[in-house]
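As structure tokens, the structure follows; a few thoughts come after it.
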Amino acid sequence: MKKNKSAINPRPFSSILLDGPERAAARAMLYPVGFTEEDFKKPIIGIASTWSNVTPCNMHIDKLALEAEKGANAAGGKAIIFNTITISDGISMGSEGMKYSLVSREVIADSIETVVGCSGMDGYVAIGGCDKNMPGAMICIARMNRPAVFVYGGTILPGCLTNPPAGSLPKGKELDVVSVFEAIGQHAAGKLNDDELHAVESCAIPGAGSCGGMYTANTMASAIEALGLSLPNSSAQNAISPAKLDDCRRAGAAVMNLLKQGIKPLDILTRKAFENAITVVIALGGSTNAVLHLLAIAHAAKVKLTMDDFTRIGKRVPVLADLKPSGKYSMSALVAIGGIRPLMKTLLDKKLLHGDVLTCTGETMAETLRDVKPYLRGQQIIRPFDQPIKKDSHLVIFRGNLCPEGAVGKISGKEGLRFEGRAIVFEGEEKALQAILQGMVKPGHVVVVRSEGPKGGPGMREMLSPTSAIMGRGLGKDVALITDGRFSGGSHGFVVGHVTPEAYVGGPIALVKNGDPIVIDAEKREMTLGISAAELQRRQRAWKKPAPRYPRGVLAKYAHTVTSASLGAVTDADLKL
């Protein structure tokens, strides 16, 4: 994209805040934090850090922020590091605390906007290392439309069972956070004893970095790279590595380059860019959360994107990556063979990626992939096109009388493409989990977990605990689970979430009763409640809207403003594009 460089002001916001005698007080406030006379002439580059010791996903990001600061300063800017919040899905999963998870996406977006806007920052680097940091930062980047680059904090290395107690656990077994959730189900089924469960939990998380499969963090990092808003390879680097430090330094410099060229996020975040992101997510077998988050980012970018775009693109894009949770390999194994760039080059060569879209490097996607070499022969992680894991998308958008506004399934094919069973209904995740662990859920059941939607939960909790308990008890092929909540990227099995309309607003999922027949057909993309239209209408007339669960505080505010999951669960009042 050619810009008239002579007309570009590299300090469009900081000059308003800091220039002239009337801004002396503003300058006086900045001398104590390290500004010199010369710094007031430079673009101010924010470094939005999501560091905290709340979670291993983000425990190293303070050091990454320092590297991004060095990169921006060396390129002629003046960097300012600031923090925003993070929460931990892995720790809060299955508890009331998980209701704050999706809420944090909005808080992160709002808080970065607040600091960047208040401080007159001309551009910024946002560094995220956990599920909601990434879409939260991206929503803000799209909304503010100031030159920005996203940096992924990187993936964790696998844990290793080095000294297991005598029993069923093999020495040297690779572990991750999902291993622990599934071990809980195995423990409940009597397949693991207390010592074995403790051995798994104490070895599964070896250090810093985001959960190590193609779970939500790695999925969203890959999607953001495909969108063009992170530098090449940012999505596929280990959290603790020289490559990640270099990525941060280059990101700081890249923002300065975007300022000089006059390139803004909305020049990059086009409809074609979102189609690229969807394509890469499908090829990698990524998380269902990508649907929710890409819809929300597109809304912030004023790009018209719907759930049906995932169906349209998914008909021609195969699943090629044999990655956890349904596959065999960890993200660090993919890093070792070259990350996602060779896969993206193959997708481009197959005309499944748009090569003419702009990226934050200042080059087009095709230009950034020009010199990428293919994977070495013999690797087993990324399949060739003629031997896909699944010939079309694993992300299935369902319609039907149980989800007239849509639902999202993650159907790899390993669990089959059709499930028919009888409903066993639970108001909330905790009741479902206890029933699964206590053996109340039997083969042939469709577990219905409702009142967990964006408004009804509120917060649309992830169902990793019950889905992992199902897998741990050995019911993965015999039980389905549907919910108006959502799933962790670590969930696998026959699971369908984002059922809309949600139960809280009277959607059909609110009307399901124990024993009702349910058919989930992934080939027809239909989810059907096997009762008559007249009976459904009778139940609808008898339904009464429940009282809000939270009368005040952030969850009450969120429930009041959030939209349907089919629209990305955004909190903007005006949805007109």
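Values below: every heavy atom of this structure, side chains too, minus hydrogens, waters and symmetry copies. Counting begins at 1 with the first residue of the sequence.
Residues satisfying the salt bridge (charged side-chain N to carboxylate O under 4.0 Å, His left out) criterion with Asp195, sequence neighbours excluded, are absent altogether. Under the salt bridge (charged side-chain N to carboxylate O under 4.0 Å, His left out) criterion, Arg450 pairs with Glu427, not counting sequence neighbours. By the salt bridge (charged side-chain N to carboxylate O under 4.0 Å, His left out) test, Glu275 is found to be paired with Arg271, Arg312, residues two or more places apart in sequence or in another chain being considered. Every residue meeting the side-chain hydrogen bond (donor to acceptor under 3.5 Å, both in side chains) condition with Gln237, not counting sequence neighbours, appears here in chain and number order: Lys244. For Phe419, the ring-ring contact (aromatic ring centres under 6.0 Å, His included) partners at least two apart in sequence or on another chain are Phe494. Here Glu430 pairs with Arg461 under the salt bridge (charged side-chain N to carboxylate O under 4.0 Å, His left out) rule; sequence neighbours left out.
No side-chain donor-acceptor contact under 3.5 Å links Ser101 to the backbone of Met98. In this structure a side-chain-to-backbone donor-acceptor pair under 3.5 Å is missing from Glu225 to Ser222. With hydrogens and angles disregarded, no donor-acceptor distance shorter than 3.5 Å links the side chain of Tyr215 to the backbone of Asp131. Although no hydrogens or angles enter the test, the distance criterion places a donor-acceptor pair under 3.5 Å between the side chain of His394 and the main chain of Gly286. A donor-acceptor contact shorter than 3.5 Å links the side chain of His445 to the backbone of Lys442. Not one N or O on the side chain of Glu502 forms a donor-acceptor pair closer than 3.5 Å with the backbone of Thr500. In this structure, the side chain of Ser104 does not engage the main chain of Val107 through any donor-acceptor pair within 3.5 Å. A donor-acceptor pair under 3.5 Å is absent between the side-chain atoms of Ser234 and the main chain of Leu231, judged by distance alone.
Applying the side-chain hydrogen bond (donor to acceptor under 3.5 Å, both in side chains) test to every pair with at least one member in residues 377-386, sequence neighbours left out, gives no pairs at all. Pairs passing the salt bridge (charged side-chain N to carboxylate O under 4.0 Å, His left out) check and including a residue from residues 197-212, sequence neighbours excluded, do not occur. The salt bridge (charged side-chain N to carboxylate O under 4.0 Å, His left out) contacts involving residues 88-101 comprise Asp89-Lys132, Glu96-Lys99, where partners must be two or more places apart or lie in separate chains.
Partner of Met138 under the side chain to side chain contact (heavy atoms under 4.5 Å, CB included) criterion, out of Ile108, Asn133, Leu294, Leu269: Leu269 alone. Here the options are Thr55, Asn58, Ile85, the test is side chain to side chain contact (heavy atoms under 4.5 Å, CB included), and the partner is Thr50; only Asn58 passes. Considering Lys315, Arg399, Arg525 in turn, Arg399 is the only one that fulfils the salt bridge (Lys or Arg N to Asp or Glu O under 4.0 Å) rule with Asp308. Evaluated for a side chain to side chain contact (heavy atoms under 4.5 Å, CB included) with Phe181, the options Ser488, Ser491, Ser468 yield exactly one hit, Ser468.
Nearest heavy atoms, Ser412 versus Lys390: O-CD, 3.3 Å. Scanning all heavy atoms of the two residues, the minimum distance from Glu429 to Gly94 falls at OE2-CA, 3.5 Å. For the pair Arg486 and Leu292, the tightest heavy-atom approach, listed with the atom from each and the gap, is CD-CD2, 4.0 Å. Considering all non-hydrogen atoms of both residues, His354 and Asn276 come closest at N-OD1, 2.7 Å. Heavy-atom minimum distance, Ala208 versus Ile240: CB-CD1, 4.0 Å. Ala298 and Leu305 make their closest contact through CB-CB, 3.7 Å (heavy atoms, listed as atom of the first residue, atom of the second, distance).
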For a quick test of your reading: what N or O donor-acceptor pairs under 3.5 Å do the side chains of residues 469-482 make, sequence neighbours left out?
residue, atom, partner, partner atom, Å
Arg473, NE, Ile436, O, 3.3
Arg473, NH1, Ala188, O, 3.4
Arg473, NH1, Leu437, O, 2.9

Side-chain polar contacts of residues 149-163 - donor-acceptor pairs under 3.5 angstrom, sequence neighbours left out - could you list them?
residue, atom, partner, partner atom, Å
Tyr152, OH, Asn218, OD1, 2.7
Thr155, OG1, Asn218, ND2, 3.4

Could you give the side-chain donor-acceptor pairs of residues 323-336 under 3.5 Å, partners two or more places apart or in another chain?
residue, atom, partner, partner atom, Å
Ser330, OG, Ser332, OG, 2.9
Ser330, OG, Ala333, N, 3.4

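Electrostatic pairing of Arg418 and Asp521 counts as a salt bridge here, judged by a charged N lying under 4.0 Å from a carboxylate O. Using a 4.0 Å cut-off between charged nitrogen and carboxylate oxygen, Asp247 and Arg249 do not count as a salt-bridge pair.
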